[in-house]
Amino acid sequence: MALAGRFTGHHALLCRLHRDRIAVFDQAVAELDGQIAGKITRWQREAALLGSIPGFGDVVTSAWLAEIGPVPHRHFASHEKLASWASLCPGNNISAGKRKHGRTGDAGTYIKPVLIQAAWAAIRTRGRLQARYDKLVRRFGGDKNPAAKKKAITAIAHTLLKIAYQVLKSGTPYTDLGADFYTRRESPEHKQAWLERQLQKLHPGCAITITISPPEAALPPSG
């Protein structure tokens, strides 16, 4: 009804031109997708591993394999070095002995924006990554602070990079630790288990026994 009497042949011509132009671009995108899909068939196993990570769809998986490759651990000794190369770790900003907030670098022109998009997709799914994002937003300034959200989503992109590195290195699909991961981690039982693991690292191969004794004030009086 809004177009009645106002949509002339000239308008129809312009609409046809726009439609044909969109069709040309759609065809070009489809051809490129076909080319990319054909090249990724060499790394079906690695693509399946990456696909197990939240936020890693076909586009993100293809970008990772193109920019970083299927075996990042051969080129980067650790995920920290890979994050530095991709500019997903904060820069050093120390003045007068005080450590200030540092911006991420400008490298990672192609893979960094893709991982940021993957991070936005990952936090929409209930799980550990969503819980981590909410926790970081609160720490950086709250839900009403746009800068807090930007810092938090960059940190999630860094976490995704770390997960992808470990998944490809181990050959094991990603398993989400659950939305209550951080709550469970703060429990006394979890803290004790973490301390026991640290002792095992300090004394590898040794059997460590922990005996918990009540405080002296709680002991019954002797004889």
Side-chain angles (χ1 to χ4, degrees), residues 29-90 104-137 149-185 190 193-194 197 200-201 204:
V29 170
E31 291 178 359
L32 288 174
D33 287 341
Q35 292 286 331
I36 294 171
K39 292 183 179 298
I40 289 181
T41 53
R42 298 172 51 192
W43 301 297
Q44 286 291 342
R45 174 178 170 273
E46 289 79 4
L49 289 171
L50 291 172
S52 67
I53 304 172
F56 269 67
D58 293 339
V59 173
V60 179
T61 298
S62 301
W64 177 285
L65 293 174
E67 296 299 320
I68 298 176
V71 282
H73 46 283
R74 290 186 183 176
H75 310 290
F76 300 94
S78 65
H79 62 81
E80 289 92 351
K81 293 185 180 296
L82 175 57
S84 177
W85 176 82
S87 291
L88 275 174
C89 58
T104 57
D106 296 325
T109 306
Y110 298 104
I111 192 61
K112 182 178 176 181
V114 172
L115 289 175
I116 293 291
Q117 292 180 11
W120 282 117
I123 64 170
R124 293 189 177 96
T125 304
R126 179 174 170 79
R128 179 216 166 190
L129 293 173
Q130 186 187 75
R132 174 169 168 76
Y133 172 78
D134 293 338
K135 183 178 180 180
L136 289 172
V137 168
K149 293 182 178 180
K150 184 177 180 180
K151 291 178 183 178
I153 206 65
T154 303
I156 298 300
H158 184 180
T159 302
L160 286 176
L161 180 142
K162 177 181 177 181
I163 292 172
Y165 180 95
Q166 295 296 344
V167 161
L168 291 174
K169 183 178 181 180
S170 65
T172 305
Y174 173 74
T175 301
D176 192 84
L177 299 176
D180 61 341
F181 169 74
Y182 294 101
T183 304
R184 288 186 284 107
R185 193 174 68 170
H190 194 281
W194 181 82
R197 290 195 297 269
Q200 290 286 356
K201 290 180 181 180

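- Residues Ile116 and Thr154 form a side-chain contact, since some pair of their non-hydrogen atoms from C-beta on lies under 4.5 Å apart.
- Nearest heavy atoms, Ala83 versus His158: CB-NE2, 3.5 Å.
- Annotation for Ile111 and Ala86: closest pair CG2-CB, 4.0 Å, computed over non-hydrogen atoms.
- Two residues are said to be in side-chain contact when any heavy atoms from C-beta on lie closer than 4.5 Å; Asp176 and Thr125 fail this criterion.
- With rounding to the nearest 0.5 angstrom, the OG1 atom of Thr41 is 12.5 Å from the CD1 atom of Ile36.
- Interatomic distance, Thr175 OG1 to Leu177 CG, rounded to the nearest 0.5 Å: 8.0 Å.
- Note that CZ of Arg128 is 14.0 Å distant from CD1 of Ile123, once rounded to the nearest 0.5 Å.
- The heavy-atom pair separating Ala155 from Arg132 by the smallest distance is CB-NH2, 4.3 Å.
- Note that CG of Leu115 and CG of Leu88 are 6.0 Å apart. Values are rounded to the nearest 0.5 Å.
- A heavy-atom distance below 4.5 Å is found between the side chains of Gln130 and Asp134.
- The side-chain heavy atoms of Val114 and Phe56, taken from C-beta on, include no pair separated by under 4.5 Å.
- From Ile163, atom CD1 reaches atom CG of Leu49 across 13.5 Å, with rounding to the nearest 0.5 Å.
- Across all their heavy atoms, Pro54 and Ala122 have their closest contact at O-CB, 3.6 Å.
- Atoms CG and CD1, from Leu136 and Ile156 in turn, are 5.5 Å apart once rounded to the nearest 0.5 Å.
- In terms of heavy-atom proximity, Ile40 sits nearest to Ala47 at CG2-CB, 4.1 Å.
- By the 4.5 Å heavy-atom criterion applied to side chains, Gln117 and Val59 are not counted as neighbours.
- No more than 12 heavy atoms of other residues, nucleotides or ligands lie within 6.0 Å of NZ in Lys81, so this atom counts as exposed by the packing criterion.
- Counting heavy atoms from C-beta on, the side chains of Pro72 and Trp64 come closer than 4.5 Å.
- Taking 4.5 Å as the limit, every side-chain heavy atom of Ile53 sits out of range of all side-chain heavy atoms of Val60.
- Between Leu160 and Leu129, the closest side-chain pair of non-hydrogen atoms falls below 4.5 Å.
- Residue-environment remark: CG (Asp33) exceeds the threshold of 12 foreign heavy atoms within 6.0 Å.
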Apply side chain to side chain contact (heavy atoms under 4.5 Å, CB included) to the pair Leu50 and Leu65, showing each step before the final yes or no. CA-CA 9 Å; Leu50 291 172; Leu65 293 174; 4.1 Å; yes
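- Contact between Glu67 and Trp85 at its shortest, heavy atoms only, is O-CH2, 3.8 Å.
- His73 and Tyr165 have perpendicular rings, their planes meeting at more than 60° on a 0 to 90° scale where under 30° would count as parallel.
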